[in-house]
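Both backbone and side-chain heavy atoms feed into the values below; hydrogens, waters and symmetry mates do not. When a residue number appears, it is its place in the shown sequence, counting from 1.
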Amino acid sequence: MEGDRKYITADELKQHSKPGDLWISIQGKVYNVSDWAKEHPGGEIPLLNLAGQDVTDAFIAYHPGTAWKYLDKFFTGYYLEDFKVSEVSRDYRRLVSEFVKTGLFEKKGHVAFCSLASVALMFLVVLYGVLRCDSVWAHLGSAMVLGMLWMQSTYVGHDSGHYQVMASRGYNKLAQIITGNCLTGISIAWWKWTHNAHHIACNSLDYDPDLQHIPVFAVSSRFFNSLTSCFYGRKLNFDPLARLLISYQHWTFYPVMCVARVNLYLQTLLLLFSPSRQVPDRALNIMGILVFWSWFPLLLSYLPNWPERFMFVLASFAVTSIQHIQFCLNHFSANVYIGPPSGNDWFEKQTSGTLDIACSSWMDWFFGGLQFQLEHHLFPRLPRCQLRKVSPVVKELCKKHNLPYRSLSFWDANVSTIRTLRTAALQARDLSNPVPKNLLWEAVNTHG
């Protein structure tokens with residue numbers, strides 16, 4: 001009965017927002033997920049970031065309808081006092097319900113099969129080009145094909161991390177390990193760890209790891225205050241080296257992207273071999289990484305000399321840099337904020353922190369569906385083949401609530417990103433040179 005219900009206030013709920021004491025509210029019912037946080041398939045970080053508040057929209061975004069039945073065992077018996085739903089959230093939940101009724105979340109098409117088939121074909125082309133051809137041009141072409149293979153393999157790994165692309169969970173996990181660890185050398189465990197945090201805290205300077213690139217890049221001058229990363233648990237020091245590098249980041253952006261893959265390999269190894277972090281399927285992930293570091297060096301050994309090996313690695317990395325650049329375009333020039341994510345403005349935060357890339361439908365395969373970044377952030381379980389279909393609906397909803405819906409061409413998105421980096425770079429130069437600049441400095445830096 002309504003009169004027998006026990007209530008707690010929003011302020012009281014906020015008190016339960018630390019490790020070992022995690023409470024959340026979903027549709028006004030309060031749940032204690034303290035003991036279950038480490039078993040959460042999406043990791044502990046999303047729960048830590050959203051604890052102590054209502055998380056209904058985030059829960060709906062990430063969980064299928066079958067997940068609701070598991071909530072009862074965490075129910076505290078309390079209800080959230082004065083629980084209200086904003087008009088934006090109401091429309092968002094209605095939209096999710098409509099997508100469920102029309103089966104959009106289940107209509108996955110043949111994307112996974114076609115992508116895996118193309119990856120297998122490209123791998124054969126790479127093997128033939130390296131093992132059977134003597135021409136340096138054939139080797140260069142093979143390196144570029146390998147770069148495309150890595151891009152497409154990453155998209156399959158990304159899809160399988162958000163929803164089930166295979167016939168069973170076991171095969172889905174196998175697809176993740178093969179397309180991620182074995183073929184690209186980047187651990188699916190590392191990806192889940194960082195990617196879930198990114199989605200939950202989209203464009204939070206201190207909570208979103210995808211914006212924390214000190215000392216190489218800074219998208220906002222607020223990084224100059226040496227923010228503390230709540231994801232990595234350390235200070236992002238804006239020291240003299242960071243000032244120097246960031247002062248020229250709009251020039252170094254593309255060269256760095258060409259070798260950004262090295263950092264991903266390093267981050268993978270640091271996580272998998274960290275004794276202090278709990279890594280799901282650690283042994284399986286390490287085995288997958290060993291597969292990559294077996295076949296890739298072996299493939300390079302068949303090239304005739306070291307200059308060609310260097311060319312092969314650099315060319316394959318350069319092609320894959322297109323994907324790294326794309327991920328930066330989706331967020332670097334969007335709005336940022338400081339602080340933890342809020343469950344009360346889920347829709348608003350996603351629209352504020354993302355940017356779509358406009359392209360023809362025949363280019364969907366190239367961008368992996370992630371050119372519809374806002375649609376993906378709002379509906380992360382939606383198969384990529386459905387993102388273009390729902391885009392007009394999302395655009396109308398943004399218009400209705402006066403929220404940003406930004407869609408730029410690939411060129412314009414690059415211009416916007418470089419402009420953001422240049423703005424922060426010029427601000428960093430001012431900080432690093434408080435004394436009057438000499439004539440040489442003025443001449444070199446007049447136009448950035």
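Considering Thr354, Leu382, Asp356 as possible partners of Glu375, the one that fulfils the side-chain contact (heavy atoms from CB on, under 4.5 Å) test is Asp356. Of the candidates Leu48, Ile45, Asn49, Ile200, Tyr207 forms a side-chain contact (heavy atoms from CB on, under 4.5 Å) with just one, namely Asn49.
Under the 30°/60° scheme for interplanar angles, the aromatic rings of Trp295 and Phe292 are found to stand perpendicular.
Here the closest non-hydrogen pair linking Ala315 and Leu140 is CB-CD1, 3.7 Å. The two residues Ser333 and Ser416 have their closest heavy-atom pair at OG-OG, 3.0 Å.
Of the possible polar contacts, none joining the Arg406 side chain to the Leu355 backbone as a donor-acceptor pair under 3.5 Å is found. For Ser115 (side chain) and Ala112 (main-chain N/O), no donor-acceptor pair under 3.5 Å exists by modelled atom type. The backbone N or O of Trp137 sits less than 3.5 Å from a side-chain atom of Ser135, completing a donor-acceptor pair. Proximity of a side-chain donor or acceptor of Ser204 to a complementary backbone N or O of Gly339 within less than 3.5 Å is detected. Thr268 places a side-chain N or O within 3.5 Å of a backbone atom of Leu264 that can act as its donor or acceptor partner. No side-chain donor-acceptor contact under 3.5 Å links Ser153 to the backbone of Trp150. Using a distance-only test at 3.5 Å, with no hydrogens or angles considered, no donor-acceptor pair links the side chain of Asp206 to the main chain of Ile338. At least one donor-acceptor pair closer than 3.5 Å links the side chain of Tyr155 to the backbone N or O of Phe366. In this structure, Thr76 contributes its side chain and Tyr31 its backbone to no donor-acceptor pair below 3.5 Å. Side-chain N or O atoms of Ser142 include one that pairs as donor or acceptor with a backbone N or O of Ala138 at under 3.5 Å.
Contact of the His199 side chain with the Tyr62 side chain is registered, since non-hydrogen atoms from C-beta on lie closer than 4.5 Å. With a 4.5 Å cut-off on side-chain heavy atoms, Gln212 and Ile214 do not count as touching. Here the side chains of Trp191 and Leu271 are not in contact, with every heavy-atom distance at 4.5 Å or above. Here the side chains of Gln27 and Phe59 are not in contact, with every heavy-atom distance at 4.5 Å or above. Using a 4.5 Å heavy-atom cutoff, the side chains of Gln371 and Asp364 are in contact. Under the 4.5 Å side-chain criterion, counting only non-hydrogen atoms from C-beta, Met363 is not in contact with Phe410. Using a 4.5 Å heavy-atom cutoff, the side chains of Ile286 and Phe273 are in contact. The shortest side-chain heavy-atom distance between Leu116 and Thr179 falls under the 4.5 Å cut-off.
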Check against side-chain contact (heavy atoms from CB on, under 4.5 Å), Leu403 and Glu348:
CA-CA 7 Å; Leu403 294 170; Glu348 293 91 325; 3.8 Å; yes
Step by step, would you call Val313 with Phe296 a side-chain contact (heavy atoms from CB on, under 4.5 Å)?
CA-CA 10 Å; Val313 172; Phe296 187 50; 4.2 Å; yes
Please report the C-alpha distance between His213 and Phe332 in whole Å, then the side-chain angles of each, then the deciding distance to 0.1 Å, and finally whether the side-chain contact (heavy atoms from CB on, under 4.5 Å) criterion is met.
CA-CA 11 Å; His213 302 296; Phe332 270 26; 3.7 Å; yes
Show your working on side-chain contact (heavy atoms from CB on, under 4.5 Å) between Leu205 and Val219 and close with a plain yes or no.
CA-CA 9 Å; Leu205 296 179; Val219 298; 4.2 Å; yes
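Taking the ring centroids of Trp190 and Tyr265, they lie at or beyond the 6.0 Å cut-off. In this structure, the ring of Tyr92 has its center less than 6.0 angstrom from the ring center of Phe379.
Annotation: Phe75, atom CZ; neighbour count of heavy atoms from other residues, nucleotides and ligands within 6.0 Å is above 12. More than 12 heavy atoms of other residues, nucleotides or ligands sit less than 6.0 Å from atom CG of Asn305. The number of heavy-atom neighbours closer than 6.0 Å to CZ of Phe217, taken from other residues, nucleotides and ligands shown, is above 12. Other residues, nucleotides and ligands contribute more than 12 heavy atoms inside 6.0 Å of the OH atom of Tyr232. Around atom CE of Met144, no more than 12 heavy atoms belonging to other residues, nucleotides or ligands sit under 6.0 Å away.
Residue Asn181 holds its CG atom at 7.5 Å from CG of Leu284, rounded to the nearest 0.5 Å. Here CG of Leu387 is found 8.0 Å from CG of Leu370. Values are rounded to the nearest 0.5 Å. For the atom pair NE2 of His250 and CZ of Arg419, the computed distance is 12.5 Å after rounding to the nearest 0.5 Å. One distance of note links OG of Ser226 with CG of Leu236; it measures 8.0 Å at 0.5 Å rounding. In this structure, the separation between OG1 on Thr252 and OH on Tyr254 is 11.5 Å, given to the nearest 0.5 Å. In this structure, CD1 in Ile246 is found 8.5 Å from CZ in Phe223, a value given to the nearest 0.5 Å.
The salt bridge (charged side-chain N to carboxylate O under 4.0 Å, His left out) analysis of residues 29-38, with sequence neighbours excluded, yields the pairs Lys38-Glu44.
Checked for salt-bridge contact, Asp159 and Arg384 meet the test: a charged N lies under 4.0 Å from a carboxylate O.
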